[in-house]
Peer 1: 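Could you have a look at this structure, given as structure tokens, before my questions?
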There are 2 protein chains.
Amino acid sequence: MVKMSDVAKIANVSTATVSRVLRSPETVKENTRKKVLSVIEELNYQPNILARHFRRNETNTVLVIVPNIMNTVFSEIVGGIEQAASISGYKVLLRNTNRDVRNEYEAIDHLKQRQVDGMILLSERLEKQTILNISQQYPVVLASAYIEGLKVPTVSIDNISSSREATEHLIKLGHKRIAHICGSLFSLISRDRVKGFNQAIYQNEIQMESVLIQEGDFTFDSGYNQMLKFLALDVPPTAVFAANDEMAMGAIKAAKENGLRVPEDLAVVGFDNIKFSSIFEPALTTIAQPKYEMGKKAMELLLEQMKGVVHTKSQYVLDSKLIIRESCGAKMAELV
Amino acid sequence: MVKMSDVAKIANVSTATVSRVLRSPETVKENTRKKVLSVIEELNYQPNILARHFRRNETNTVLVIVPNIMNTVFSEIVGGIEQAASISGYKVLLRNTNRDVRNEYEAIDHLKQRQVDGMILLSERLEKQTILNISQQYPVVLASAYIEGLKVPTVSIDNISSSREATEHLIKLGHKRIAHICGSLFSLISRDRVKGFNQAIYQNEIQMESVLIQEGDFTFDSGYNQMLKFLALDVPPTAVFAANDEMAMGAIKAAKENGLRVPEDLAVVGFDNIKFSSIFEPALTTIAQPKYEMGKKAMELLLEQMKGVVHTKSQYVLDSKLIIRESCGAKMAELV
DNA sequence: ATACTAAATGTAATCGATTACATAATCGGC
DNA sequence: GCCGATTATGTAATCGATTACATTTAGTAT
């Protein structure tokens, strides 16, 4: 392995100069710089990055903690992160937690051991206090979940308002009996979406029964199963708001299998706007999250933090948008 | 920052002993070990991993190069890689290339600079010779594309045979005019799938016209558009084999919009078995790739390579399987 | 030409764990 | 209790780039 001292010797300069040519070329006279560069070329010298990391105590790497990379919502956020990171010469270390807190703690060790310069947390199993602690010591950005009152840089959408908007959309279409299939309630996102749903219901003085809220786990099957419960009610709902698109699709499948037409007999709204929600039949009305942009923004915030920029603002709420397609019946209504 | 020498001083031993306690505890007497461990505990000592990486010239990190992490086929493979990696204490550095070769070359520099101990390549833009070169110098595993005659450890399915099987399935169902929507032909996978398609056609002495093979780019829209071309033919095909599920769905959409029923008027088979293919209506008949397992196997091979194990076998072909659902009409045929 | 400032380069310490080699402690057998 | 073998521990060099500080060179004004 060619090392810096080899280059220095042949170029007839000191290693300090070689180092400067690489890290702050403007401080080296042009002649010298050219000479050094040509020797580097000639010897095909590659700096030992590990030595640099060690000496500088930084790695140009960020850790991304994801519950499950196989979920398209997360993989799109990661896509945005990766894009922003690589533009700035940063690398992305990916850690799947499979929703196990122990894996999250392990991941935090990477931070403590300086294996990464910062961390983006897409996960939500850690205690509020733990997150606060580490974010006071290391650059950390949360993405996807807004935690009330937590002064840690966060990129998210407003889950409460979006859910309210989705639900109000159903109310405006004339529905009076509206159900909600929420995600696992240990997740803050799910709780927020329930909150928004309830706000819409109460503000519009719609009748509410607790049986009209059922907990799923964000999977297609859980959407299907919870819908079956609704259908078994004496008076089933005429509209369902599901906390994500997958469950919305499951609910629609259950409805169809029971002879209901969507949207004619049952209106459905989902959340996330995953790729397939437009392909699905009926095309899903849903709340679009700017997933890729959330990732990008999160990485940009992290970059600034790592540079030492201190933000007064800590919560970045990106715009979400209700996308009206077929499953809610609005388009059908227009035609009438 | 507490360092090893601090621990050594307080425990009244040398740094060598502390290091041994951490790296090969069995070589240290129990008393000493306990004493050292308790001091480590007491001081809350965290070894400086960067120093270790530097000294040992290894990082316990592998690089995964992916065309696009937002594509579920790749994110599932990455899921398998991550799982196998974290079990063995390895970290995963993720690099999206967006199908730009320059990004692949950049990624290779990481290997040369020893920033990672090995690499898994899910991408296919590099020259055969380039891949061979780097794989002779560093631990490398290819996943997803089998490159004929290339002696580099590879995990893949048999794309040719699988395509043949998919096509023959359509032939057995009585179709005589079968079309193929292939993926971008710069991709080896696409070319292999075309090959398998052709084999089935010729071996069964089915009529063939070159207009019955159209090139898409693995997107829903391209499937839709190519299907429109087929529908515009004087004698349109009665069956279509698409090189991935997304294009199959696009094709089905186009068919439906033109008044055809699937599978009654048009049989369709896809490839990949992405999650949504079972939800789609009609549920897609498709070739299931063991994506997660491919990732896992690739990582396991890489781990062995990094340990120095030399394999005589270099191509690992995992089982793929034809999953018969609704879109091909086989179930309908059974009922008759 | 001189004196002074600014720019360019060099010298050598430094980051902290690992490990080859050297030394010391322990054990077993007689 | 002594010797050789084995096991445990210590000493100190080492990995290679970075950078504080020292020194030299170039540039400018008088």
Peer 1: With sugar-phosphate meaning primed atoms plus P, OP1 and OP2, does A:Asn31 contact a base, only sugar-phosphate, or nothing at under 4.0 Å between heavy atoms?
Peer 2: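 The residue A:Asn31 makes no contact with any strand.
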Peer 1: Could you write nucleotides 15-27 of chain D as a row of B, S and -, 5' to 3', where a protein heavy atom under 4.0 Å of any base atom gives B, of only sugar-phosphate atoms gives S, and otherwise -?
Peer 2: BBBBB--------
Peer 1: Indicate, with a heavy-atom threshold strictly under 4.0 Å, whether B:Val18 touches base, sugar-phosphate, or nothing.
Peer 2: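 No contact.
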Peer 1: Quick one: do B:Glu30 and B:Lys34 make a salt bridge, cutoff under 4.0 Å?
Peer 2: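 A salt bridge links B:Glu30 with B:Lys34.
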Peer 1: Remember a base hit wins even if backbone is also touched, and classify B:Asn12 as base, sugar-phosphate or nothing at under 4.0 Å, heavy atoms.
Peer 2: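 It contacts sugar-phosphate atoms only.
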Peer 1: Show, in sequence, the C-alpha distance, side-chain angles and deciding distance for B:Val152 and B:Ile147, and conclude whether the side chain to side chain contact (heavy atoms under 4.5 Å, CB included) test is met.
Peer 2: CA-CA 9 Å; B:Val152 174; B:Ile147 305 185; over 6 Å; no
Peer 1: Could you walk me through whether B:Met294 and B:Tyr316 pass the side chain to side chain contact (heavy atoms under 4.5 Å, CB included) check?
Peer 2: CA-CA 9 Å; B:Met294 282 167 68; B:Tyr316 292 80; over 6 Å; no
Peer 1: Evaluate whether atom CG of B:Asp100 has more than 12 neighbouring non-hydrogen atoms of other residues, nucleotides or ligands under 6.0 angstrom away.
Peer 2: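 Yes, because the 6.0 Å sphere around CG of B:Asp100 holds more than 12 heavy atoms from other groups.
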Peer 1: Is A:Arg52 salt-bridged to A:Glu58, going by a charged N under 4.0 Å from an acidic O?
Peer 2: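 No, this pair does not count.
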